[in-house]
Amino acid sequence: MVKQRGERVGLSLQFLLFSPEVAQIKRADLAITQSSEVLPMDSLAAATAPKLVIPATNSPPSVQRLIGSRLILKRTGKKLFRAHAAENTRPRSAAGATIDFSDPRWPSRFQEDFEARFNIPHLTDVFRDAVVPIPSTFCLRMRSPTEEFADGYPSDETWHGYVNNNDRVLLKTIRYTSPTSAGAECIDPDCTWVEQWVHRAGPREKIYFKPEEVKAAIVTCGGLCPGLNDVIRQIVITLEIYGVKKIVGIPFGYRGFSDEDLSEMPLSRQVVQNVHLSGGSLLGVSRGGPSVSNIVDRMEEGGINMLFVLGGNGTHAGANAIHNECRKRRLKVAVVGVPKTIDNDILLMDKTFGFDTAVEEAQRAINSAYIEAHSAYRGVGIVKLMGRSSGFIAMHASLASGQIDICLIPEVPFNLHGPHGVLRHLKYLLETKGSAVICVAEGAGQDFLHKTNATDASGNIVLGDIGVHLQQQIKKYFKDMGSTADVKYIDPTYMIRACRANASDGILCTVLGQNAVHGAFAGYSGITVGICNTHYVYLPIPEVISYPRVVDPNSRMWHRCLTSTGQPDFI
Ligand SMILES: Nc1ncnc2c1ncn2[C@@H]1O[C@H](COP(=O)(O)OP(=O)(O)O)[C@@H](O)[C@H]1O
Ligand SMILES: O=P(O)(O)OC[C@H]1O[C@](O)(COP(=O)(O)O)[C@@H](O)[C@@H]1O
Ligand SMILES: [Mg+2]
């Protein structure tokens, strides 16, 4: 299972610098990750580009100057942490090789490493010359494909709609000139500009599958997310435009590959025509399921040679394992992912589909909580929104509504009690405004809750209900002081997740779904599609799932959220 690599612990800088752990790591190079976590450079996953590397020679005050006054220390487990810290080597490039910043060629070496990491696997890596491409059949000249391509493949060589295999998209677009600049993502202490290019998505002029030889399957895994049906629909429609006739849906996630009582669902334009008009997944979803080897057995038996996998981090880990297993068995199969996560917790992408819809739908719950709180005597509204380890929905929904007084997310530690706690601030709000509204992400404040260590079928930790806990604690706090608070708790999470996609997500789903099919026909496998800096790209799966994307507590966006709510630090 893909898990977060370590426990995150919020600490003040003062404490961080003098804690025993840091006494150790001060002798090693420190990496500041994109989410402002600090860890020894050596323990940074190969796939992780650090925001900033602080060489071991930097004194603590300069660390303070460089990264501001609040940090999250990532413990990778004490033993591992110390073992790495003791090694004290030079900063590593993104690919894991050490970087010697005194070597003037380090930027070009870093760039080469980056290119290698973001290279996207292709069928010809394994089959060399055995796979001969044909001109693309993706064109609009033949709208209703003739049976068996009796008149040859349709093609349109005059159409300038194909993407060149060498086209690239710039992954990072800001040239930071100082590591102290807001949100700075620097490789070295001087913030040297290094271009980081990734592969552009889109239809290619040459394709590596004959449409009549394709059997394509689509599977949707994990939890629901607005837009799943839109993506399914676009994949089916685009496959048909290429001329594919055998398209099936795998029912109920990876489980559909193994359960005897579940069978493939034939798909066509006719079947999917109106599916985007409702939420959920036409195919059904599930967590858990069979082993990768069982899945590939079933794919072999069923003759599936294109697999489109819609899901989050876990699903993509599965997709990558399926891709590797197919390679091991020398199967000419394209496995392409489409990231589905309402939490928006996949790395490197501007956003994932369903997120916009979730933020929009959350407005209704927030507005209701506001009205309840505002109309009650000393009213407090609480809205819990999804976000297992990432508070993007809560942050964006709070910002969009302008009705939230306190936003709590998993990335930013907080106290409930004490002079700087949430409860003390609530008291102040009730005294000054008469009411207050709290928006809390489901993964926030889990330390306050009883841990059961229970996991779901996919191995994800089952979270405690922070909304209920807040409600109880607020009531008790005011009762204990002989006062009162009228607390109303709204949990709209499943109502939000079950919505159909809004117009902007509908378009995102369309482009992602179409590009997934283009990627498969182009012969790529083990890739996923995403939007980076408004352009669509193909990324190798391991790069986007090495850890969940989280809100950077030092980011401009989180700061905007704080200025909007007017909340203090709760530490
Ligand atoms: N590391 C992994 N390798 C293979 N399959 C995995 C892995 N992690 C999760 N899965 C499978 O992926 C599916 C979805 O995972 P889950 O974590 O529930 O949702 P999501 O993909 O949204 O994160 C499940 O069927 C689960 O068994
Ligand atoms: O109740 P379920 O189905 O386990 O889903 C709850 C989870 O779904 C999510 O919205 C998204 O999770 P996935 O991306 O793994 O589907 C989480 O925020 C939440 O914890
Ligand atoms: Mg998950």
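Both backbone and side-chain heavy atoms feed into the values below; hydrogens, waters and symmetry mates do not. As the structure lists them, so they are numbered: ligands from 1, and atoms in each ligand from 1.
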A student comparing Gly223, Pro548, Gly314 should find that the heavy atom closest to atom 16 (O) of ligand 2 comes from Gly223
Under the 6.0 Å and 45° cation-pi test, does Lys332 pair with Tyr208?
no
May I ask whether His316 has any heavy atom positioned less than 4.0 angstrom from an atom of ligand 1?
no
Can you list the atoms of ligand 1 that are under 4.0 Å from a heavy atom of Asn460?
16 (P), 17 (O), 18 (O)
Looking only at distances, please establish whether an N/O atom of ligand 1 is found under 3.5 Å from an N/O atom of Gly314.
yes
Looking only at non-hydrogen atoms, which of Met386, Glu442, Lys340, Arg287 approaches atom 17 (C) of ligand 2 most closely?
Glu442
Any N/O of Thr315 closer than 3.5 Å to an N/O of ligand 1?
yes
For Ile342, counting its heavy atoms only, list the atoms of ligand 2 lying under 4.0 Å from any of them.
10 (O)
Just to verify, what does Ser268 make a side-chain hydrogen bond (donor to acceptor under 3.5 Å, both in side chains) with, not counting sequence neighbours?
none
List the steps, then state whether side chain to side chain contact (heavy atoms under 4.5 Å, CB included) holds for His425 with Ile406.
CA-CA 9 Å; His425 185 58; Ile406 299 174; 3.8 Å; yes
Could you tell me if Gln234 and His276 have a donor-acceptor pair between their side chains, going purely by distance under 3.5 Å?
no
Tell me, please: is Gly312 in heavy-atom contact with ligand 2, that is, under 4.0 Å?
no
Do the ring centers of Phe118 and Tyr538 come within less than 6.0 Å of each other?
no
Asp343 N/O to ligand 2 N/O under 3.5 Å
yes
Whether Asn229 side chain and Gly279 backbone form a donor-acceptor pair below 3.5 Å:
yes
For atom 5 (O) of ligand 2, which protein heavy atom lies nearest, and how many Å away is it?
Arg497 NH1, 2.8 Å
Please confirm whether the backbone N or O of Val537 pairs with a side-chain atom of Asn515, one donor and one acceptor, at under 3.5 Å?
no
Given Arg330, Arg329, Lys215, the one that forms salt bridge (Lys or Arg N to Asp or Glu O under 4.0 Å) with Glu300:
Arg329
Report, in ascending order of atom number, the atoms of ligand 1 lying under 4.0 Å from any heavy atom of Gly312.
20 (P), 21 (O), 22 (O), 23 (O)
Can you sort out the partners of Asn324 under side chain to side chain contact (heavy atoms under 4.5 Å, CB included), two or more places apart, ordered by chain and number?
Asn320
Is it the case that the side chain of Asn502 and the backbone of Asp505 share a donor-acceptor pair, with hydrogens and angles ignored and the cut-off at 3.5 Å?
yes
Does any N/O atom on Tyr494 come nearer than 3.5 Å to any N/O atom on ligand 2?
yes
Relative to the heavy atoms of Lys340, which atoms of ligand 1 are at a distance of less than 4.0 Å?
22 (O)
What atoms of ligand 1 come closer than 4.0 angstrom to any heavy atom of Asn313?
21 (O), 23 (O)
Does the residue Gly288 have a heavy-atom contact with ligand 1, meaning some pair of atoms that are separated by less than 4.0 Å?
yes
Flag Asp456 as yes when one of its N or O atoms lies below 3.5 Å from any N or O atom of ligand 1, and as no otherwise.
no
Whether Thr341 lies under 4.0 Å from ligand 1, heavy atom
no
Between Asp343 and Thr341: side-chain donor-acceptor atoms closer than 3.5 Å:
no
